[in-house]
Peer 1: 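Sharing a structure with you now.
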Protein chains: 2
Amino acid sequence: MARRWTSQDVAALAGVSVATVSYVMNGRMIDRIPAPTREKVLSAARQLDYSPNRAAQSLRRQKTEQICLVVDSIGVPVIDQLARDLHAAADDIGYGLITIVVGSDERGEKATRLLHQRIADGAVIAPSNVFRFREESLGDLARGGLPLVVMNNTVRPAGFDVVRAPEREACGEAMDHLLSSGRRRVAFLGHHEEVTNPTTRAESARMGAYLWALARHGIDADESLIVEGADERVAGYRAATELLQRPDRPEAIFAASARSAISAIWAARDAGLAIPDDVAVVGCGNLPETEITRPRLSTVGPPTTEDFTEVSRLLFDRLLAKERLPEREITNPWAFVPRGST
Amino acid sequence: MARRWTSQDVAALAGVSVATVSYVMNGRMIDRIPAPTREKVLSAARQLDYSPNRAAQSLRRQKTEQICLVVDSIGVPVIDQLARDLHAAADDIGYGLITIVVGSDERGEKATRLLHQRIADGAVIAPSNVFRFREESLGDLARGGLPLVVMNNTVRPAGFDVVRAPEREACGEAMDHLLSSGRRRVAFLGHHEEVTNPTTRAESARMGAYLWALARHGIDADESLIVEGADERVAGYRAATELLQRPDRPEAIFAASARSAISAIWAARDAGLAIPDDVAVVGCGNLPETEITRPRLSTVGPPTTEDFTEVSRLLFDRLLAKERLPEREITNPWAFVPRGST
DNA sequence: CTGTTAGCGCATTCAT
DNA sequence: ATGAATGCGCTAACAG
């Protein structure tokens, strides 16, 4: 690894002190440093292809000018949107965005550790079906002075802000809609952890709402209609196809993601079934694609495509605040949005 | 922002020196430090909720233990796969992955600057339709000692590794296939920059292959069949729908992405058209979804879903090498893969 | 076995 | 207007 030039080198080349180099590079003392000196420094810097070392800057300035997004997997559309919005907000104030992907619980530990190590000046924890940060860890982080926004329906604010979405209620509405029409066999296309892991199953809003609605309507849950790991397009298609081939095929499909719901629509159409007459389909979350399926997909989720500028604001308010801010809690509007597929 | 505890504090609390704290925290001198001392340190660290400051570590160790992925937008499936593979590889050796999104050219400058500042120990530049890193910048970066892998078909290796995909040839094959069957009206669903910007249009392998094939077969390009900004699902669907409603509708659609090709299939089916008899469809890139469309989507791309472990290896070989490595160049196999839609 | 110490590269205060 | 000196928090050589 070639030794990179440092401010020392630039100073030497320009015939000034490192202090002057620092001033010039940061545009400080702008009107006290004469243009010729300034030029000498700039030219030396250019000549050496110098840029200040980030780690040294962070150490000295006591901030990284990075924010961190913690997600549980890559390629989920709604998380992409979150990343985009955060990125844009960060960019506006010259901050960068770094993403940590937490595919498993042990990786959750790792993410906590990195946050602890002040790898970023603030963080957003995205909703997840996989990992459960211990509330205690989050509290520790916040108490340590890390601006933190947690998107989660159950965690209690403890020095950090919380963003909620009333998923359970909204899903319940959708299920009621499905069941009130007399349909009794409703399949569930869920995420892996949501369905398989007993703890997370109990905590899952979508799965919970599904089971609870069934119970409310006096229907015994049929485990053979509950599919795990069917949250993305291919698995969703395969699961739906299989379900719809059965002689006792379901009259409705409730999918825990919009992607698998869209796949379910294809599967139904490919099977020659009419939607919603032969089989109704509902998904969770609002993707733009919802508007281009035939029929248009009914969803439970926000009324329009999700937008996370509010979440960004929570974080950056905290980040830029001088003193510690009170905890805030915001709720994203979720509701059952009937379109054509129910 | 609460002052975080430092190794000094831990040392004081444990009644040892900072060196010992460092040794214990890093598991060094593991067999020279007696268990009781070790315990004291660990307990003090736990008590103060201490973790070593990352910036200080990086500065001292002269490495960040992060790698950086530079992409031009979020939410492109193939890039997600790349991110996943890199992430996994990084994880294996205790490295983190940070992603920089370069939505525009000025942001490209910023990315270069960050890389220069040694925000990471190595970087992968993903293929892009948007930004053009100046070869010179990349060379500078590499000359500065940054392990770098660039995924690009035109750039020359200059201290970094290059990953290519023979897109132009493969696309040409697909176009030949389409045109040889007697079809003359072939639409193109392209990315924004690919179609609109004269420079990038000229450089685009997919657009280029399309135009070139047309010329080869003695067909005048019809600009009204060329759609820009139709690289994602919704735009692709809308564009295809519009195209297929025309009285002189195209006999084939060549899409520069797999997602828009899949949308084109839906659009055709929704319009009651038979594929490939009424309209043939080809996309670029290999998504798993390709297997679940009806008919299955013919693509130009790698034979199986893309896998970037080779790319990861290039980077990590460089990263872990003691001395500077020779430049390597690998070529991902791209070809026309006819399935059902042509 | 453990403590002392010298930087890593930079920003900043205080002199001049 | 600019330079010298200090220290951010940590690691690693070197002492002892």
Side-chain angles (χ1 to χ4, degrees), chain A residues 1-42 44-45 48-65 113 116-119 121 144-145, chain B residues 1-42 44-45 48-65 113 116-119 121 144-145:
Chain A
M1 177 112 46
R3 184 175 156 290
R4 302 243 54 223
W5 302 114
T6 71
S7 57
Q8 301 264 7
D9 302 310
V10 177
L13 182 60
V16 300
S17 80
V18 290
T20 307
V21 173
S22 174
Y23 291 148
V24 172
M25 295 303 292
N26 296 302
R28 286 175 51 102
M29 312 271 139
I30 187 77
D31 41 278
R32 290 205 213 152
I33 289 178
T37 309
R38 219 182 110 72
E39 266 320 311
K40 271 193 302 186
V41 172
L42 254 19
L48 296 183
D49 197 21
Y50 165 78
S51 0
N53 178 299
R54 201 73 197 211
Q57 275 186 336
S58 298
L59 180 56
R60 179 62 236 238
R61 295 181 165 153
Q62 296 287 69
K63 60 180 181 186
T64 63
E65 309 211 327
R113 204 174 330 123
H116 237 122
Q117 295 192 100
R118 279 291 189 274
I119 201 187
D121 298 338
Chain B
M1 180 111 40
R3 182 174 159 290
R4 302 241 55 221
W5 301 114
T6 71
S7 57
Q8 300 264 7
D9 302 314
V10 178
L13 182 58
V16 299
S17 79
V18 290
T20 306
V21 173
S22 174
Y23 291 148
V24 172
M25 294 304 290
N26 296 301
R28 285 174 51 104
M29 313 271 141
I30 187 78
D31 42 280
R32 290 208 213 148
I33 289 178
T37 310
R38 219 181 110 72
E39 266 321 312
K40 268 192 305 183
V41 172
L42 254 21
L48 297 183
D49 196 21
Y50 165 78
S51 1
N53 178 301
R54 202 66 196 211
Q57 273 186 337
S58 300
L59 180 57
R60 178 62 235 231
R61 294 182 168 155
Q62 296 287 69
K63 61 180 181 184
T64 62
E65 310 211 327
R113 204 172 331 122
H116 238 122
Q117 295 191 98
R118 279 292 189 275
I119 200 185
D121 298 339

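Per chain, numbering begins at 1; letters A, B, ... match sequence-line order.
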Peer 1: Would you tell me if any nitrogen or oxygen in the side chain of A:Gln8 comes within less than 4.0 Å of OP1 or OP2 on C:dC10?
Peer 2: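 No, no such contact exists.
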Peer 1: Out of D:dC14, D:dG3, D:dC8, which has the shortest distance to the side chain of A:Gln62?
Peer 2: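 Side chain of A:Gln62 sits closest to D:dC8.
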Peer 1: With sequence neighbours excluded, tell me which residues meet side chain to side chain contact (heavy atoms under 4.5 Å, CB included) with B:Asn26.
Peer 2: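 Residues passing side chain to side chain contact (heavy atoms under 4.5 Å, CB included) with B:Asn26: B:Ser22, B:Arg28, B:Gln57, B:Arg61.
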Peer 1: Under the side chain to side chain contact (heavy atoms under 4.5 Å, CB included) test, which residues partner B:Thr37, sequence neighbours left out?
Peer 2: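 So B:Thr37 forms a side chain to side chain contact (heavy atoms under 4.5 Å, CB included) with B:Val16, B:Thr20, B:Ile33, B:Pro34.
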Peer 1: Quantified as the angle between the terminal helix axes (five pairs each), what is the overall bend of the helix from C:dC1-D:dG16 to C:dT16-D:dA1 to 10 degrees?
Peer 2: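 Computed angle between terminal axes is 40°.
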Peer 1: So which of residues 33-42 of chain B are in contact with DNA chain C, with a heavy-atom cut-off of under 4.0 Å?
Peer 2: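 Residues of residues 33-42 of chain B under 4.0 Å from DNA chain C: B:Ile33, B:Pro34, B:Thr37.
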Peer 1: Can you sort out the partners of A:Lys63 under salt bridge (charged side-chain N to carboxylate O under 4.0 Å, His left out), two or more places apart, ordered by chain and number?
Peer 2: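 Scan of A:Lys63 (salt bridge (charged side-chain N to carboxylate O under 4.0 Å, His left out), adjacent residues dropped) gives A:Glu65.
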Peer 1: Which pair of non-hydrogen atoms, one from A:Ser51 and one from B:His116, has the smallest distance, and what is that distance?
Peer 2: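 What the structure gives for the nearest pair is OG-CB, 3.2 Å.
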Peer 1: How close or far is atom C1' of C:dT5 from atom CZ of B:Arg60, stated in whole angstroms?
Peer 2: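 Those two atoms, CZ and C1', are 11 Å apart.
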Peer 1: Separation of A:Asp9 atom CG from C:dC8 atom C1', in whole Å?
Peer 2: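 My rounded result for the distance is 13 Å.
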Peer 1: Of all the nucleotides listed (D:dT11, C:dT12, D:dG9), which has the minimum atom distance to the side chain of A:Ser22?
Peer 2: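 So the side chain of A:Ser22 is nearest to C:dT12.
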Peer 1: Is B:Gln57 near enough to D:dG9 that one of its side-chain N or O atoms lies under 4.0 angstrom from OP1 or OP2?
Peer 2: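 Checking D:dG9 against B:Gln57, no side-chain N or O comes under 4.0 Å of OP1 or OP2.
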Peer 1: Between D:dC8 atom C1' and A:Arg54 atom CZ, what is the distance in whole Å?
Peer 2: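 Those two atoms, CZ and C1', are 16 Å apart.
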Peer 1: It should be established whether A:Arg28 places a side-chain nitrogen or oxygen under 4.0 Å from OP1 or OP2 of nucleotide C:dT12.
Peer 2: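 Yes, within the criterion.
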Peer 1: Where is the tightest heavy-atom contact between A:Val41 and A:Val21, given as atom of each residue plus distance?
Peer 2: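 Between these two residues, the closest heavy atoms are CG1-CA, 4.0 Å.
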Peer 1: Measure the distance from OH on B:Tyr50 to C1' on D:dT11 and round it to the nearest whole Å.
Peer 2: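 Distance check: B:Tyr50 OH to D:dT11 C1' gives 10 Å.
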Peer 1: For A:Asn26 and C:dA11, is the shortest distance between a side-chain N/O and OP1 or OP2 below 4.0 Å?
Peer 2: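 It does, given that an N or O in the side chain of A:Asn26 lies less than 4.0 Å from OP1 or OP2 of C:dA11.
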Peer 1: Starting at atom NE2 of A:His116, determine the distance to atom P of D:dG9, rounded to an integer number of angstrom.
Peer 2: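 Roughly 15 Å, once rounded to whole Å.
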Peer 1: Starting from P on D:dC8, measure out to CD on A:Glu65 and report it in whole angstrom.
Peer 2: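 These atoms are roughly 20 Å apart.
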Peer 1: Between B:Tyr50 and B:Thr6, what is the shortest heavy-atom contact and its length?
Peer 2: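 Nearest heavy atoms, B:Tyr50 then B:Thr6: CE1-C, 3.5 Å.
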Peer 1: What residues form a side chain to side chain contact (heavy atoms under 4.5 Å, CB included) with B:Arg60, not counting sequence neighbours?
Peer 2: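 In terms of side chain to side chain contact (heavy atoms under 4.5 Å, CB included), with neighbours along the sequence ignored, B:Arg60 is linked to no residue.
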Peer 1: State which residues pass side chain to side chain donor-acceptor pair (under 3.5 Å) with A:Thr64; sequence neighbours excluded, sorted by chain then number.
Peer 2: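 A:Asp121.
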Peer 1: If I take atom CG in residue A:Leu59 and atom C1' in nucleotide D:dG7, what distance separates them, rounded to the nearest angstrom?
Peer 2: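 The answer, rounded to whole Å, is 9 Å.
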Peer 1: Check whether any side-chain nitrogen or oxygen of A:Tyr23 sits under 4.0 Å from OP1 or OP2 of C:dT13, and answer yes or no.
Peer 2: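 For A:Tyr23, the contact criterion (side-chain N or O under 4.0 Å from OP1 or OP2 of C:dT13) is not met.
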Peer 1: What contact category does A:Thr20 fall into here, base, sugar-phosphate, or nothing, at under 4.0 angstrom with non-hydrogen atoms?
Peer 2: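 Sugar-phosphate contact only.
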Peer 1: Report the residues that fulfil side chain to side chain contact (heavy atoms under 4.5 Å, CB included) with A:Ala19, sequence neighbours left out, ordered by chain and then residue number.
Peer 2: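 A:Ser17, A:Tyr23.
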Peer 1: Calculate the interatomic distance between A:Met25 atom CE and C:dT12 atom P; express it in whole Å.
Peer 2: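 For the pair A:Met25 CE and C:dT12 P, the rounded distance is 14 Å.
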Peer 1: Could I get the full list of salt bridge (charged side-chain N to carboxylate O under 4.0 Å, His left out) partners for B:Glu39, not counting sequence neighbours?
Peer 2: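 Checked B:Glu39 against salt bridge (charged side-chain N to carboxylate O under 4.0 Å, His left out); zero matches.
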Peer 1: Minimum heavy-atom separation for B:Ala45 to B:Met25, with atom names?
Peer 2: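 In terms of heavy atoms, the two residues are closest at CB-SD, 4.2 Å.
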Peer 1: Name every residue in residues 10-18 of chain A that has at least one heavy atom under 4.0 Å from any atom of DNA chain C, in order of residue number, or write none if there are no such residues.
Peer 2: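 Contacting residues: none.
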Peer 1: Any side-chain heavy atom of B:Trp5 sitting closer than 4.5 Å to one from B:Ser7?
Peer 2: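 Contact flag for B:Trp5/B:Ser7 side chains = no.
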